[in-house]
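Some notes on the structure that comes next.
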Amino acid sequence: MTKEYSLNEEKKFDGIYKEFYENGNVKVVKHYDDGILIDSIVLYNSDNTINQVQFPLKKDSLLYKNYLKNTLESEGIFYKEMKLGKWKYFKKNGNLDKVVEYVNVCGDQYTNQGWYFENGKDTIKEFGNYYSVKIPKHVKQNQLLKFTIYHKPIIAANPDLIFCIGTDVDKNFCNLEQTKIDTAYGVNNTIPLEIIFSKKGRKNLRGFIKEYYKAKDSSASRLIYVDIPINVE
């Protein structure tokens with residue numbers, strides 16, 4: 001493999017860095033400033049089509065754009081060797097096909113929620129697996145808050161639902177078994193909730209929704225991890 005780059009007086013990469021395939025086509029293009037990677041990283045296939053573009057973000061994160069024959073195939077955030085957040089996947093005609101949410105569950109990548117689209121715009125309600133919730137803009141201290149979580153199941157049309165939630169669960173859900181958790185049960189894919197916050201400030205209700213189904217000869221279950229931010233006034 002051939003490389004082409006320049007070094008500054010301190011022997012650090014400075015300027016454009018390139019790697020080439022044996023056929024002479026460019027494989028990788030990077031940009032450095034005094035040894036620091038700046039701007040995007042472009043990866044090419046051996047036939048000179050774009051394979052991937054990586055855009056550096058904050059906190060060791062990269063925005064990945066993946067291509068197939070120079071057509072955008074998917075895009076999303078990569079953080080510490082894991083997909084994170086909502087990734088978009090596109091059809092060959094460029095229309096949005098689906099959005100998949102990935103979460104970090106105690107150091108492991110977990111495929112959490114999914115939405116499918118028709119004509120790149122309208123959500124196909126028959127498919128996917130996700131939750132939705134509407135929280136009032138003004139949540140008062142020591143005042144009863146009532147709201148409902150709506151759940152789109154995937155393993156059965158109307159499975160049993162258990163919702164386990166707490167206010168002290170860490171953002172990666174590592175301490176679910178060590179912290180206080182409250183449990184609620186769902187009916188007809190809805191979970192009614194009531195809660196009172198004794199202190200002001202930003203809160204995060206974190207936990208999971210477990211849908212499960214049992215029949216005579218089979219059973220199945222799946223988790224969706226939940227993180228609901230609430231500002232208590």
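Excluded from the calculations below are hydrogen atoms, water molecules and symmetry mates; all remaining heavy atoms, backbone and side chain alike, are included.
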Checklist entry - Could Lys125 and Trp115 be counted as a cation-pi pair, given that NZ or CZ must be under 6.0 Å from the ring centre and within 45° of the axis? => result no
Next on the checklist: If you apply the rule side chain to side chain contact (heavy atoms under 4.5 Å, CB included), what do you find for Asp47 with Asn25, and how did you get there?
Outcome noted: CA-CA 7 Å; Asp47 62 359; Asn25 288 339; 5.6 Å; no
Item to check | Worked check of side chain to side chain contact (heavy atoms under 4.5 Å, CB included) between Thr49 and Tyr67 | outcome: CA-CA 9 Å; Thr49 57; Tyr67 293 83; over 6 Å; no
If only atom types and distance count, is the side chain of [X] paired as donor or acceptor with the main-chain N or O of [Y] below 3.5 Å?
X      : Y      : result
Asn119 : Lys121 : no
Asn175 : Asp170 : yes
Asn104 : Asn172 : no
Lys180 : Gly166 : no
Gln109 : Lys83  : yes
Thr2   : Phe20  : no
Gln113 : Tyr131 : yes

Next on the checklist: Apply side chain to side chain contact (heavy atoms under 4.5 Å, CB included) to residues Val226 and Val133 and explain how you reach the verdict.
Outcome noted: CA-CA 10 Å; Val226 175; Val133 59; over 6 Å; no
Other ILVMFWY residues reachable from [X] by side-chain steps of under 4.5 Å:
X      : answer
Phe13  : Tyr5, Leu7, Tyr17, Val28, Tyr32, Leu37, Ile41, Leu43
Phe127 : Tyr116, Ile124
Val100 : Leu62, Tyr64, Phe78, Trp87, Tyr89, Tyr102

Just how far is it from atom [atom1] of [X] to atom [atom2] of [Y], taken to the nearest 0.5 Å?
X      : Y      : atom1 : atom2 : value
Lys3   : Lys27  : NZ    : NZ    : 9.5 Å
Asp108 : Cys106 : CG    : SG    : 7.5 Å
Ser40  : Lys30  : OG    : NZ    : 12.0 Å
Asn189 : Lys152 : CG    : NZ    : 8.0 Å
Thr179 : Phe173 : OG1   : CZ    : 13.0 Å
Gln143 : His138 : CD    : NE2   : 11.5 Å

Tell me whether [Y] is reachable from [X] by hopping between hydrophobic residues (I, L, V, M, F, W, Y) whose side-chain heavy atoms are closer than 4.5 Å.
X      : Y      : result
Val139 : Ile195 : yes
Leu161 : Leu223 : no
Met82  : Leu63  : no
Tyr130 : Phe117 : yes

Taking the side chain as every heavy atom from C-beta outward, state whether [X] and [Y] have any pair of such atoms under 4.5 Å apart.
X      : Y      : answer
Tyr79  : Asp60  : yes
Cys164 : Leu176 : no
Ile165 : Ile181 : no
Ile191 : Thr148 : no
Glu194 : Leu145 : no
Cys174 : Val105 : no
Arg222 : Ile224 : yes
Tyr44  : Asn51  : no

Next on the checklist: I'd like to know whether CD of Gln178 has more than 12 heavy-atom contacts from other residues, nucleotides or ligands below 6.0 angstrom.
Outcome noted: yes
Checklist entry - So does Lys140 pair up with Glu233, basic N to acidic O under 4.0 Å? => result yes
Next on the checklist: Considering only residues two or more places apart or on different chains, which pairs with a residue in residues 146-169 satisfy ring pair (Phe, Tyr, Trp, His ring centres under 6.0 Å)?
Outcome noted: none
Would you mind writing out the side-chain donor-acceptor pairs for residues 213-220 within the sub-3.5 Å range, not counting sequence neighbours?
none

Expected list for residues 196-211: side-chain donor-acceptor pairs under 3.5 angstrom, two or more places apart:
unit_1: Asn204; atom_1: ND2; unit_2: Asp227; atom_2: OD1; d: 2.8
unit_1: Arg206; atom_1: NE; unit_2: Asp227; atom_2: OD2; d: 2.8
unit_1: Arg206; atom_1: NH1; unit_2: Val169; atom_2: O; d: 2.9
unit_1: Glu211; atom_1: OE1; unit_2: Ile154; atom_2: N; d: 3.3
unit_1: Glu211; atom_1: OE1; unit_2: Ile155; atom_2: N; d: 3.4
unit_1: Glu211; atom_1: OE2; unit_2: Asn129; atom_2: ND2; d: 3.3
unit_1: Glu211; atom_1: OE2; unit_2: Ile154; atom_2: N; d: 3.2

Just checking, any donor-acceptor pair under 3.5 angstrom between side chains of [X] and [Y]?
X      : Y      : value
Asn66  : Gln52  : yes
Asn8   : Asp34  : yes
Thr190 : Asn188 : no

Checklist entry - Is there a salt bridge (charged side-chain N to carboxylate O under 4.0 Å, His left out) between Glu75 and Lys65 once you walk through the steps? => result CA-CA 4 Å; Glu75 64 178 6; Lys65 290 180 177 285; 2.3 Å; yes
Next on the checklist: Among Asn45, Asn70, Thr71, exactly one meets side chain to side chain contact (heavy atoms under 4.5 Å, CB included) together with Ile50. Which residue is that?
Outcome noted: Asn70
